[in-house]
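First comes the structure, then the notes that go with it.
Numbers here are sequence positions counted from 1.
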Amino acid sequence: MRLKDRVAIVTGAGRGIGRGIARKLGVEGAKVAIADLLEANAQAVAQEIVQAGGKAIAIKADVSSRPEVEAMFARAAAELGAIDILVNNAGINRDAALHNMTDEQWDKVIAVNLTGVFYCLRLAAQQMRERGYGRICNVSSVSWMGNFGQANYAAAKAGVVGLTKTAARELAKKGVTVNAICPGFIDTEMTRGVPPKAWEIMVGKIWSGKVGSPDDIGNVVAFLVSDEASYVTGEVITISSGMSL
């Protein structure tokens with residue numbers, strides 16, 4: 001097990017991609033703090049990991065709130081140990097064409113998808129640099145390059161790329177790696193809400209013709225946060241089966 005006894009926090013881990021990541025880290029031996037705004041979802045994923053023989057706890061947390069992020073880190077450290085791994089996955093969408101987008105739609109997405117990553121990343125940097133070890137993976141999206149109706153989402157995800165590269169530069173000599181992944185079209189509760197015609201169009205952009213699964217994402221993240229990836233930092237890895245080509 002590549003991550004035996006490592007302590008990980010995965011945000012937005014109550015379902016979808018976050019759940020896939022958390023479960024994979026658990027399989028690889030990590031002790032996982034499942035953080036999610038919906039506590040019942042977090043508890044369900046934690047229970048899955050425990051039933052599979054791993055160790056996990058559920059933490060209710062809103063990453064757009066600095067006090068809640070601080071409480072999340074404190075509880076995870078108290079119950080599991082010093083934080084070795086952070087996966088910033090929590091995110092929301094509030095889609096609308098630019099000319100119709102409201103201040104609330106913009107502010108909420110930026111608060112969760114970008115400011116929330118900053119809060120978690122800053123706290124992890126403070127702790128990990130003192131210990132001389134850490135693995136951070138930020139979840140961006142292929143949409144960071146722009147997507148119709150997602151000015152807020154694309155801006156936030158592009159910001160995550162910039163944060164990743166800056167943090168990687170600042171933390172490289174402290175034994176901390178920081179990378180980002182950009183998932184393509186992944187089969188989750190969110191994408192299942194896409195109208196059939198839109199689903200068909202999206203799948204048509206994937207060269208393999210296959211929609212990705214949360215496990216596909218979890219496999220890549222597990223490598224990036226392992227010691228096997230100690231020489232990988234500041235990278236932005238697209239996981240889309242050719243969708244971005």
Side-chain angles (χ1 to χ4, degrees), residues 10-18 21 35-38 61-66 68-69 86-122 136-168 178-207 211-212 214 217 220-221 234-245:
V10 183
T11 67
R15 62 178 186 169
I17 288 175
I21 293 170
D36 201 277
L37 186 60
L38 300 176
D62 176 357
V63 297
S64 68
S65 165
R66 180 176 54 80
E68 291 198 31
V69 167
L86 168 65
V87 180
N88 281 310
N89 169 75
I92 62 170
N93 64 334
R94 297 288 187 273
D95 296 352
L98 181 60
H99 62 282
N100 287 326
M101 187 169 289
T102 66
D103 289 353
E104 190 277 333
Q105 288 171 318
W106 173 269
D107 291 342
K108 189 62 178 177
V109 169
I110 296 298
V112 175
N113 296 19
L114 184 56
T115 304
V117 173
F118 167 70
Y119 286 154
C120 294
L121 186 57
R122 179 176 61 184
I136 300 170
C137 182
N138 300 320
V139 179
S140 181
S141 166
V142 293
S143 293
W144 81 269
M145 294 179 285
N147 197 28
F148 187 91
Q150 290 193 316
N152 47 7
Y153 190 82
K157 292 303 186 179
V160 168
V161 171
L163 271 175
T164 297
K165 290 187 173 291
T166 299
V178 188
N179 293 288
I181 60 167
C182 296
F185 197 58
I186 308 300
D187 184 10
T188 65
E189 293 89 338
M190 183 184 295
T191 56
R192 286 177 205 146
V194 171
K197 184 61 177 179
W199 178 283
E200 182 181 337
I201 291 172
M202 295 301 291
V203 174
K205 295 179 180 180
I206 303 171
W207 282 94
V211 176
I217 308 303
V220 177
V221 173
E235 300 298 336
V236 180
I237 300 173
T238 300
I239 311 170
S240 70
S241 195
M243 182 181 181
S244 61
L245 293 175

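- Listed by chain and residue number, Glu70 satisfy the salt bridge (charged side-chain N to carboxylate O under 4.0 Å, His left out) test with Arg66 (two or more places apart in sequence, or in another chain).
- Proximity of a side-chain donor or acceptor of Asn138 to a complementary backbone N or O of Val117 within less than 3.5 Å is not detected.
- Listed by chain and number, the residues in a side chain to side chain contact (heavy atoms under 4.5 Å, CB included) with Leu98 are Ala151 (sequence neighbours excluded).
- Here CD1 of Ile181 is found 8.5 Å from CD1 of Ile237. Values are rounded to the nearest 0.5 Å.
- The side chain to side chain contact (heavy atoms under 4.5 Å, CB included) test applied to Ala168 returns Val178, Thr233, not counting sequence neighbours.
- Pairs of residues two or more places apart, or lying in two chains, that qualify as ring-ring contact (aromatic ring centres under 6.0 Å, His included) and include a residue from residues 188-207 are Phe185-Trp199.
- Ser141 contributes a side-chain N or O that, together with a main-chain N or O of Ser143, makes up a donor-acceptor pair within less than 3.5 Å.
- Taking CD from Gln150 and CE from Met101, the interatomic distance works out to 8.0 Å, rounded to the nearest 0.5 Å.
- Looking at residues two or more places apart in sequence or on another chain, you find a side chain to side chain contact (heavy atoms under 4.5 Å, CB included) between Ser241 and Ile206, Ser208.
- For the atom pair CZ (Arg94) and CG (Asn152), the distance works out to 9.5 Å, reported to the nearest 0.5 Å.
- Atoms CD and CD1, on Gln105 and Ile110 in that order, are 12.5 Å from each other to the nearest 0.5 Å.
- Atoms SG and CG, from Cys120 and Leu163 in turn, are 11.5 Å apart once rounded to the nearest 0.5 Å.
- Residue pairs meeting the side chain to side chain donor-acceptor pair (under 3.5 Å) criterion with at least one partner in residues 106-121, sequence neighbours excluded, are absent.
- Here the straight-line distance linking atom OG1 of Thr164 with atom CD1 of Ile136 works out to 9.0 Å at 0.5 Å rounding.
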